[in-house]
**Student:** 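The structure that follows is given in the form of structure tokens.
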Amino acid sequence: MSPSLGCVADDYTGATDVAAAFRRSGLRTVLLFGEPGPRTVVPECDAVVVALKTRSVPAVEAVAASRAVRDWMAGRGVRRVYFKCCSTFDSTDAGNIGPVADALAEAGGGRLTVVCPASPEHGRTVYQGHLFVGDRPLSESPMRHHPLTPMTDADLVRVLGRQTPHRVGLVPLRTVERGAAAVREALEELAARGVRHAVTDAVGDGHLDTVARAAAHLPLITGAAGLARAIGTLTGTALGTADGDGLAGADGVPGLPPGPVVVLAGSCSAATLEQVALARERMPAHRLRAHDRGLAEALGWLEDSLAGEDRVMIYTSAPPGRRAPGAAAFLEGALAAVAARAAELGAGRIVVAGGETSGAVVNALGVSGALVGAEADRGVPWLHVTRPGTRLALLLKSGNFGRPDLLVRATEAP
Ligand SMILES: Nc1ncnc2c1ncn2[C@@H]1O[C@H](COP(=O)(O)OP(=O)(O)OP(=O)(O)O)[C@@H](O)[C@H]1O
Ligand SMILES: O=C(O)[C@@H](O)C(=O)CO
């Protein structure tokens, strides 16, 4: 049977977040890293999530890759596509959420799309089109200092309007509170007025369930893990697989493999900085610096440390005043090289903080897919990778996700 749902995710931690949400909704979920090809074999599943690394690349590249994945999915019978963007709407005026949503919408017949990054369980809500992170507007949250996509405007209608030539409209909370039929009517009115993207308010999971029911007929929906959970539950209910106990899909998921645990932190997000500070107190840690010898020093330190330690951390994470301008790509590449060496040295678990960083690490490890396992924290599932002769578990942590002790717990004996 073809998967009912396909998801194109714009980064690797976002893909794991959405895969965990689908799995929690009772859908058998397969996660693929990078563009699949004609020979990619997808095991029997209800949902397929493809992780791209398109959040911060030039918009034309993001569009081409996302469109290719959408066409690949259509070739496998997928009728509904979910475009997973960040719950903090990480993007710039050049894109990539607008251009990618435009391209995916065109491919689906040019119909109106719903855009709703609310993810209440992660503290993201949308009210009057404005995105809130906890109790602060996005533009007053730590995301305003993001090294790649600083978010300085909380008004999503305005933000998206700068990224697309199409009209952007709003379905306000008062309409969402009137139920799915009212939202569907509002969407039809917006479509009749030529609106392409309908930013939709939601401040609680019940609102997302309403939006999911109202938008179930649309070929494209854009959002984060919150709306994905609602769409997944609707799909699971239709398929008869939703059991709501969070264990669906657990069959066949192996335990965590033996071997040392290596933590690699490249995220500079507020939650990660706190997690890194705590982890530094609990395990040997090395700061990889943005200079010529930074990588060689880190590799030497890793080899020496793993001779006697069963958990270590290498990090580049730094608060705003202590970052190395222009060093993002170098630091991602360096942490990726460290990951490859850690795998050669027999690491059983590699824990990565940061979406861009995770993308670089997964690519360097040559991992093409994984079975989605139990969550270490909400939206942060263990990914079980089986390669000939080796077992490896990856934990790819979105920058702002996880409790302060996540990195410590992830390194403890299972
Ligand atoms: N000390 C530093 N100086 C400058 N850039 C850094 C430094 N440390 C990390 N970076 C870069 O900052 C970027 C952080 O992005 P990344 O996506 O990994 O984390 P994040 O945005 O917090 O996570 P997410 O995308 O999951 O929210 C990476 O490109 C990384 O290389
Ligand atoms: O939606 C989120 O916040 C995360 O899944 C993510 O995309 C961070 O990279």
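Counting convention: from 1, in listed order, for ligands and their atoms alike. Counting from 1, the numbers follow the sequence of the chain as shown. Small disclaimer: the values here were computed from a predicted structure and weren't measured.
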**Student:** Number the atoms of ligand 1 from 1 as they appear, then name those within less than 4.0 Å of a heavy atom of Gly355, with their elements.
**Tutor:**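 Every atom of ligand 1 under 4.0 Å from some heavy atom of Gly355: 16 (P), 17 (O), 18 (O), 19 (O), 23 (O), 24 (P), 25 (O), 26 (O).
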
**Student:** Of the protein's non-hydrogen atoms, which lies at the shortest distance from atom 5 (O) of ligand 2, and what is that distance?
**Tutor:**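 Answer, as residue, atom name and distance: Asp17 OD2, 2.7 Å.
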
**Student:** Check each of Arg111, Arg196, Arg67 against Glu106 using the salt bridge (Lys or Arg N to Asp or Glu O under 4.0 Å) test, and report the only one that passes.
**Tutor:** Arg196

**Student:** Is there side-chain contact between His130 and Pro137, with heavy atoms separated by less than 4.5 Å?
**Tutor:**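 No; the side chains remain at least 4.5 Å from each other.
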
**Student:** Against heavy atoms of Thr13, which atoms of ligand 2 measure under 4.0 Å?
**Tutor:** 8 (C), 9 (O)

**Student:** Are any non-hydrogen side-chain atoms of Leu208 and Cys116 less than 4.5 angstrom apart?
**Tutor:**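 In contact.
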
**Student:** With heavy atoms of His146 as the reference, note each atom of ligand 1 found under 4.0 Å away.
**Tutor:** 20 (P), 21 (O)

**Student:** Return the residue, atom name and 0.1 Å-rounded distance of the protein heavy atom closest to atom 12 (O) of ligand 1.
**Tutor:**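 Looking only at protein heavy atoms, the one closest to atom 12 (O) of ligand 1 is Pro147 CG, 3.5 Å.
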
**Student:** Do His146 and Met143 come close enough that some side-chain heavy atom pair is under 4.5 Å?
**Tutor:**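 His146 vs Met143: side chains touch.
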
**Student:** Does the side chain of Asp90 come under 3.5 Å of the side chain of Thr88 through a donor N or O and an acceptor N or O?
**Tutor:**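 Per modelled atom types, Asp90 and Thr88 side chains form a pair under 3.5 Å.
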
**Student:** At a 4.0 Å threshold, what atoms of ligand 2 neighbour a non-hydrogen atom of Cys86?
**Tutor:** 1 (O), 2 (C), 3 (O), 6 (C), 7 (O), 8 (C)

**Student:** Among all protein non-hydrogen atoms, which one is nearest to atom 28 (C) of ligand 1, and what is the separation to 0.1 Å?
**Tutor:** Glu332 OE2, 3.6 Å

**Student:** By number and element, which atoms of ligand 1 are closer than 4.0 Å to a non-hydrogen atom of Thr13?
**Tutor:**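 Atoms satisfying the 4.0 Å criterion: 26 (O).
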
**Student:** Might you point out which heavy atoms bring Leu365 and Ala339 nearest each other, and give the distance in Å?
**Tutor:** CD2-O, 3.6 Å

**Student:** Under 3.5 Å, N or O to N or O, is Arg287 touching ligand 1 that way?
**Tutor:** no

**Student:** Is it the case that ligand 1 has an N or O less than 3.5 angstrom from some N or O of Arg323?
**Tutor:** no

**Student:** Determine whether the side chains of Ser119 and Ser87 contain a donor N or O and an acceptor N or O closer than 3.5 Å.
**Tutor:** no

**Student:** Taking heavy atoms and a distance under 4.0 Å, where does Lys84 meet ligand 2: side chain, backbone, both or neither?
**Tutor:** side chain

**Student:** Report the C-alpha separation of Glu375 and Arg24 in whole Å, then their side-chain angles, then the decisive distance to 0.1 Å, and conclude whether the salt bridge (Lys or Arg N to Asp or Glu O under 4.0 Å) test is met.
**Tutor:** CA-CA 10 Å; Glu375 285 168 277; Arg24 225 182 294 131; 2.7 Å; yes

**Student:** Is the CG atom of Asp292 crowded by more than 12 outside heavy atoms at less than 6.0 Å?
**Tutor:** no

**Student:** Using a strict cut-off of 4.0 Å, indicate which atoms of ligand 1 neighbour a heavy atom of Leu148.
**Tutor:** 29 (O)

**Student:** Show the numbers, then the answer: is there a side-chain contact (heavy atoms from CB on, under 4.5 Å) between Leu256 and Arg391?
**Tutor:** CA-CA 9 Å; Leu256 291 173; Arg391 278 181 57 208; 5.9 Å; no

**Student:** Under the 3.5 angstrom rule, does the side chain of Asp201 hit a backbone N or O of Leu173 as a donor-acceptor pair?
**Tutor:**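 Side chain of Asp201 to backbone of Leu173: a pair is present.
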
**Student:** Return the residue, atom name and 0.1 Å-rounded distance of the protein heavy atom closest to atom 3 (O) of ligand 2.
**Tutor:** Ser87 OG, 2.6 Å

**Student:** Please confirm whether Glu356 comes within less than 3.5 Å of ligand 1 when only nitrogen or oxygen atoms on both sides are compared.
**Tutor:** yes

**Student:** Starting from atom 3 (N) of ligand 1, what is the nearest protein heavy atom, named by residue and atom, and what distance separates them?
**Tutor:**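 Here the nearest protein heavy atom works out to Ala324 N, 2.9 Å.
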
**Student:** Suppose I only count heavy atoms of Ser269 and a 4.0 Å limit; which atoms of ligand 1 are within that range?
**Tutor:**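 With Ser269 as reference, the close atoms of ligand 1 come out as 20 (P), 22 (O).
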
**Student:** Show me which atoms of ligand 2 lie under 4.0 Å from any heavy atom of Asp11.
**Tutor:**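 Contacts of ligand 2 toward Asp11, numbered from 1: 7 (O), 9 (O).
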
**Student:** Short list, please: which atoms of ligand 1 are under 4.0 Å from a heavy atom of Ala318?
**Tutor:**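 Listed by number with element: 1 (N).
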
**Student:** Does the side chain of Arg282 come under 3.5 Å of the side chain of Thr411 through a donor N or O and an acceptor N or O?
**Tutor:**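 No, Thr411 and Arg282 have no side-chain donor paired with an acceptor closer than 3.5 Å.
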
**Student:** Is the Phe33 to Tyr12 ring centre distance short of 6.0 Å?
**Tutor:** yes

**Student:** Looking at every non-hydrogen atom in both residues, tell me the closest pair between Ala154 and Leu138 and how far apart they are.
**Tutor:** CB-N, 3.8 Å

**Student:** Could you tell me which atoms of ligand 1, counted from 1 in the order shown, lie closer than 4.0 angstrom to a heavy atom of Arg55?
**Tutor:** 25 (O)

**Student:** Among all protein heavy atoms, pick out the one at the shortest distance from atom 2 (C) of ligand 1; state its residue, atom name and that distance to 0.1 Å.
**Tutor:** Leu331 CD1, 3.4 Å

**Student:** Given Glu412 and Arg409, is the salt bridge (Lys or Arg N to Asp or Glu O under 4.0 Å) satisfied, shown in steps?
**Tutor:** CA-CA 5 Å; Glu412 282 168 353; Arg409 273 185 293 114; over 6 Å; no

**Student:** When you measure from atom 27 (O) of ligand 1 to every protein heavy atom, which one gives the shortest distance, and what is it?
**Tutor:**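 Here the closest protein heavy atom is Gly399 N, 3.5 Å.
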
**Student:** Around atom 8 (C) of ligand 2, find the nearest protein heavy atom and jot down its residue, atom name and distance.
**Tutor:**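 The answer is Ser398 OG, 3.2 Å.
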
**Student:** Quick check on Arg144: does its CZ atom have over 12 non-hydrogen neighbours (other residues, nucleotides or ligands) under 6.0 Å away?
**Tutor:**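 Result for CZ/Arg144: enclosed.
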
**Student:** Touching ligand 1 at all, Gly266? Heavy atoms, strictly under 4.0 Å?
**Tutor:** yes

**Student:** Of the protein's non-hydrogen atoms, which lies at the shortest distance from atom 7 (O) of ligand 2, and what is that distance?
**Tutor:** Arg55 NH2, 2.7 Å

**Student:** Nearest to atom 11 (C) of ligand 1 by heavy atom, Ser398, Ala328, Ser56: which?
**Tutor:** Ala328

**Student:** Heavy-atom contacts with Thr357 under 4.0 Å: which atoms of ligand 1 show up? List them by number with element.
**Tutor:**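 Checking each atom against Thr357, I get 18 (O).
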
**Student:** For atom 1 (N) of ligand 1, which protein heavy atom lies nearest, and how many Å away is it?
**Tutor:** Thr316 O, 3.0 Å

**Student:** Any heavy atom of Asp11 sitting closer than 4.0 Å to ligand 1?
**Tutor:**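 Within the 4.0 Å threshold, so yes.
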
